[in-house]
Protein chains: 2
Amino acid sequence: MRALTPKGAATRQRIVEGAALLIREHGPANVGLDDIRAATTTSKSQLFHYFPDGKSDMLLAVAAHEAERVLDDQQPYLSDLTSWDQWEAWRDRVIARYAAQRRKCPLSALTAQLGLANPAVGDIITGMYARWQGAIAAGVRAVRPDADAERVAAQIIGAIAGGATMLVATDDIRYLEIGLTEAIDNLKSSIRD
Amino acid sequence: MRALTPKGAATRQRIVEGAALLIREHGPANVGLDDIRAATTTSKSQLFHYFPDGKSDMLLAVAAHEAERVLDDQQPYLSDLTSWDQWEAWRDRVIARYAAQRRKCPLSALTAQLGLANPAVGDIITGMYARWQGAIAAGVRAVRPDADAERVAAQIIGAIAGGATMLVATDDIRYLEIGLTEAIDNLKSSIRD
DNA sequence: GCCACTTTGGACCGCGTAGTCCAATCACGG
DNA sequence: CCGTGATTGGACTACGCGGTCCAAAGTGGC
């Protein structure tokens, strides 16, 4: 595992992406190692060669991969929330992204599957949210220097998480639209100290 | 199955509650039929006698049971949001409830396990949210007749769902506190049409 | 062209666990 | 007190699937 040749790295990558695709489509519980093997044209030994600790090890890599996607999909807007126009554009992007994936939230499904027991899972999720919230807080400071940026960012993250949860639960995107719109409007017209 | 004597009904109930308890503690994936059998002092045949379609059938009953609990735990406040004091009391109750359960959200775990494939699961969840949102909307109308009650209720539900999601993900209750407090404050000082 | 190491193939194993089955026992109406 | 149907016990089966293993094939340095 220490020395991975370019070829090996490519195989590993192929496994992660193939598994991510399958899992996004069918859910982690309904995807077995044999499915992944078939979909990535690999063999059982390869799976365990690149992920010595087995399936949980692999799902962890998939989770990290998916977490990265969540943030990447919001770029370049997320990193540049310096005007209300940018905020609107970002908002629309977020809503569009969730509207597209509808009920299939790969990250929540994965974490539910892996469970909170594994601290590595928590680190991935916590880290992602921390970066997300940090980027939003930076944007808040840019447009509203007088606001409590971290608090507002927490509120916005919460609104998105809630909207996503409700989308999965009820297949209705409006919770996300309403929550995110209200949160931003609230920020716009904020008279906070 | 149609004819269930009092004794049979009691057994069935005992199974559901025992299973719910176990699942709340260890998660649906880590609870097998044998665990449930042991915890409820029943036999395999009883499990399948009262839940002919097996485990999924049982988990469905458990999910319905848990959904009921979610709303019950908010009473009597949820049904009587007629003053700001009641709103505050309700808010505190909701936050306290989630603070107590921390990362263990039985309903989300169950739905993740059962999957959206089963329409019966969706019905349980959708129905619960509909009743929840309806109760909140009624409260909004009581204190702010001029507001768009359904929209505000959707926002509040979203804030709670988001807070709960973030609580599970990060073990931090503040998202719920902030989201719910802001949503209610926003309603209090609403100048909406 | 040899050697060490990585990569790959795929048969095989074993366990956990959902689900089956049949017989014993109980409950109650007539 | 008999009989029918509900209820209970628990051994047994089926099998999906994660994980192991060994040997073959590639790869690259010297």
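Below, chains carry the letters A, B, ... as their sequence lines are ordered, and counting in each starts from 1.
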**Request:** Kindly say if A:Thr11 contacts the phosphate of C:dT8, meaning a side-chain N or O under 4.0 Å from OP1 or OP2.
**Result:**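 Answer yes for this pair, as a side-chain N or O of A:Thr11 is under 4.0 Å from OP1 or OP2.
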**Message:** When you measure from the side-chain N and O atoms of B:Tyr50 to the phosphate of D:dA6, is any distance below 4.0 Å, counting only OP1 and OP2?
**Reply:**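 The answer is no; no side-chain N or O of B:Tyr50 sits under 4.0 Å from OP1 or OP2.
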Check [X] against [Y] and note the closest heavy-atom contact, atom names and distance.
| X | Y | result |
| --- | --- | --- |
| A:Met58 | A:Ile15 | SD-CG2, 3.9 Å |
| B:Leu33 | B:Lys44 | CB-CE, 4.0 Å |
| B:Leu114 | B:Ser56 | CD2-O, 4.0 Å |
| A:Leu176 | A:Val94 | CD2-O, 4.4 Å |
| A:Trp87 | A:Gly139 | CZ2-C, 3.5 Å |

**Request:** Not counting sequence neighbours, list each pair that qualifies as a side-chain hydrogen bond (donor to acceptor under 3.5 Å, both in side chains) and has a residue in residues 104-129 of chain A.
**Result:**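 Applying side-chain hydrogen bond (donor to acceptor under 3.5 Å, both in side chains) to every pair that reaches into residues 104-129 of chain A, excluding sequence neighbours, yields A:Glu25-A:Lys104.
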**Request:** Inspect the contact between A:Lys188 and A:Glu88 and indicate whether a charged nitrogen and a carboxylate oxygen are less than 4.0 angstrom apart.
**Result:**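 Salt bridge flag = yes for A:Lys188 with A:Glu88.
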Taking [X] for its side chain and [Y] for its backbone only, find out whether a donor-acceptor pair lies under 3.5 Å.
| X | Y | value |
| --- | --- | --- |
| B:Arg93 | B:Gln75 | yes |
| B:Gln46 | B:Ser43 | yes |
| B:Asp35 | B:Val31 | no |
| A:Gln74 | A:Val70 | yes |
| A:Arg102 | A:Leu167 | no |
| B:Gln86 | B:Asp80 | yes |

Given [options], which nucleotide is nearest the side-chain atoms of [X]?
| X | options | answer |
| --- | --- | --- |
| B:His49 | C:dT7, D:dG10, D:dT7 | D:dT7 |
| B:Lys44 | D:dA11, C:dT7, C:dG10 | D:dA11 |
| B:Phe48 | C:dT7, C:dA18, D:dT8 | C:dA18 |

**Message:** Which residues in residues 24-39 of chain A have a heavy atom closer than 4.0 Å to any atom of DNA chain D?
**Reply:**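 Heavy-atom cutoff 4.0 Å gives A:Gly32, A:Leu33.
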**Asked** Rounded to the nearest 0.5 Å, how far apart are OG1 of A:Thr170 and CZ of A:Arg103?
**Response**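 Between atom OG1 of A:Thr170 and atom CZ of A:Arg103 there are 7.0 Å.
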What is the distance, to the nearest angstrom, from the [atom1] atom on [X] to the [atom2] atom on [N]?
| X | N | atom1 | atom2 | value |
| --- | --- | --- | --- | --- |
| B:Gln46 | D:dG5 | CD | C1' | 16 Å |
| A:Gln13 | C:dT7 | CD | P | 15 Å |
| A:Leu47 | C:dA11 | CG | P | 16 Å |

**Request:** Toss me the dot-bracket line for DNA chain D: Watson-Crick and G-U wobble, both under 3.5 Å, 5' to 3', using | for pairs to another strand and [ ] for crossers.
**Result:** ||||||||||||||||||||||||||||||
Provide a list of protein-nucleic acid N or O atom pairs under 3.5 angstrom, restricted to nucleotides 2-4 of chain C.
none

**Prompt:** B:Phe51 versus B:Leu60: any side-chain heavy-atom pair under 4.5 Å?
**Reply:**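 When only atoms from C-beta onward are counted, B:Leu60 and B:Phe51 do not touch, as no gap falls below 4.5 Å.
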**Message:** Is it the case that the side chains of B:Arg151 and B:Gln155 hold a donor-acceptor pair, with the cut-off being a distance below 3.5 Å and no angle test?
**Reply:**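 There is no such pair (donor and acceptor under 3.5 Å, judged by atom type) between the side chains of B:Gln155 and B:Arg151.
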**Message:** Quick check on contacts: within residues 53-63 of chain A, what sits under 4.0 Å from DNA chain C by heavy-atom distance?
**Reply:**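 Nothing qualifies; none.
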**Nucleotide-resolved protein contact map, nucleotides 22-30 of chain D, B/S/- at heavy-atom distance under 4.0 Å** = ----SS---
